[in-house]
There are 2 protein chains.
Amino acid sequence: MNSGYSIDVAPTPGNRRPLYESPAFRLTVLGIHLASDFAEHLQAAGLTPKHVGMLTVIEQGLARTQDDVARLMRVSPSMIVRIADHLEQSDLIVRRRDPENRRKHVLSLTAQGKAVLGKTADFAATLDAALAARLGPDLGQGLDQALAVLMGRLTEGQ
Amino acid sequence: MNSGYSIDVAPTPGNRRPLYESPAFRLTVLGIHLASDFAEHLQAAGLTPKHVGMLTVIEQGLARTQDDVARLMRVSPSMIVRIADHLEQSDLIVRRRDPENRRKHVLSLTAQGKAVLGKTADFAATLDAALAARLGPDLGQGLDQALAVLMGRLTEGQ
DNA sequence: TATTGTTATACTCTATAACTATA
DNA sequence: TATAGTTATAGAGTATAACAATA
């Protein structure tokens, strides 16, 4: 009834949870801030969060080839080539052709690549400590459990 | 004792939590993925997560001027100008000079700006539902509580 | 003909530096 | 002289498209 007198009810439900209280929104904001913390730390080593992300999915066995990494990290194959080039030149990964399908490059970590993950884990531990200090043991454990479950979504190809 | 026979103990503590189990790392990974979900959704409206972030900090009263927004969102003032220009041209915010200090631009949302936040909240609710479905009520509530506490860190100027 | 990876290219994002206006 | 905002510019990041090799 476009009478001009109608009260506007549809556009703003009114009973919805505001954006800033949405868990998905909060995860996004916190994640972006933490990513910037990681980026700042990694800069000294000439690395970015994407480099570490690639090392992680390889180390975890979530991605065997560059194509796997591209899909899992939601970045273009050409970008993966650049990151992999950099990681290989820094002796953090090795590429070898898959003898069963010579189009594929099978990726694996070097000892130095594992060491980078270890050093990054040390830095992450300092961030974790700051989070834990804020949350206390109960909320901290609740967060850990929830995050463990949610990570499953990403590793299942979603 | 650089004897050559020494066992390597310092570089790899061994008892540290691996990176992929770090809450900070997991928050980063999940946040980046969710940010890409938001970005994909907002694209149709010609907006980015940064636009919505700016609308949110204004609406929440966390930032009164462009300078406030720049510090809170950790982006350069010049970037804020671009985002604010876009938001103003789209009639989502208004700038007015602060009469007490004419260098400052006081920012506020228009009705349309608030509507954008509302529509984004609707989309966030769909992401929230997916998260909740994975977590179940107990873990879901634990996550909500922890995130609420952690958001405080950002709004306190940290 | 489809897949995997690479290269060439162009476009977007973002920061730095120089500048204007105000204090 | 310092602050808030703007503009100009350059650099980094990223995707798309064309290509090569393999299946």
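Residue numbering restarts at 1 for every chain, and letters A, B, ... go by the order of the sequence lines.
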Main-chain N/O of B/K104 paired to B/T65 side chain as donor or acceptor, under 3.5 Å
no
Rounded interatomic separation in angstrom, taking [atom1] from [X] and [atom2] from [N]:
X: A/L107; N: C/dG5; atom1: CG; atom2: P; value: 7 Å
X: B/D67; N: C/dA23; atom1: CG; atom2: P; value: 15 Å
X: B/E100; N: C/dA21; atom1: CD; atom2: P; value: 23 Å
X: A/Q66; N: C/dT7; atom1: CD; atom2: C1'; value: 13 Å
X: B/M79; N: D/dA4; atom1: CE; atom2: C1'; value: 17 Å
X: A/I83; N: D/dA15; atom1: CD1; atom2: P; value: 9 Å
X: A/R64; N: C/dG5; atom1: CZ; atom2: P; value: 10 Å
X: B/R82; N: D/dA8; atom1: CZ; atom2: C1'; value: 10 Å

[X] side-chain N/O to [N] phosphate OP1/OP2 under 4.0 Å:
X: A/R74; N: D/dA15; answer: no
X: A/K50; N: D/dT14; answer: yes
X: B/R102; N: C/dT20; answer: no

Which is true for A/R97 with a 4.0 Å heavy-atom rule: it touches a base, it touches only sugar-phosphate, or it touches nothing?
nothing
At 4.0 Å (heavy atoms only), tell me whether B/R71 reaches a base, stays on the sugar-phosphate, or touches nothing.
nothing
Is the distance from the ring center of B/F25 to that of B/Y20 below 6.0 Å?
no
Proximity to the side chain of [X] - top-ranked nucleotide from [options]:
X: B/P77; options: C/dA23, D/dT6, C/dT4; value: D/dT6
X: B/T48; options: C/dA15, D/dT14, C/dC13; value: C/dC13
X: A/T65; options: D/dT6, D/dA15, C/dG5; value: C/dG5

State whether the distance check finds a donor on one side and an acceptor on the other, under 3.5 Å, for side chain A/S78 versus base D/dT16.
yes
Please determine whether any donor N or O and acceptor N or O are separated by less than 3.5 Å between the side chain of A/R103 and the base of C/dT4.
no
Any Lys/Arg nitrogen of [X] or [Y] sitting under 4.0 Å from an Asp/Glu carboxylate oxygen of the other?
X: B/R102; Y: B/D98; value: no
X: B/R17; Y: A/D122; value: no
X: B/D144; Y: A/R26; value: no

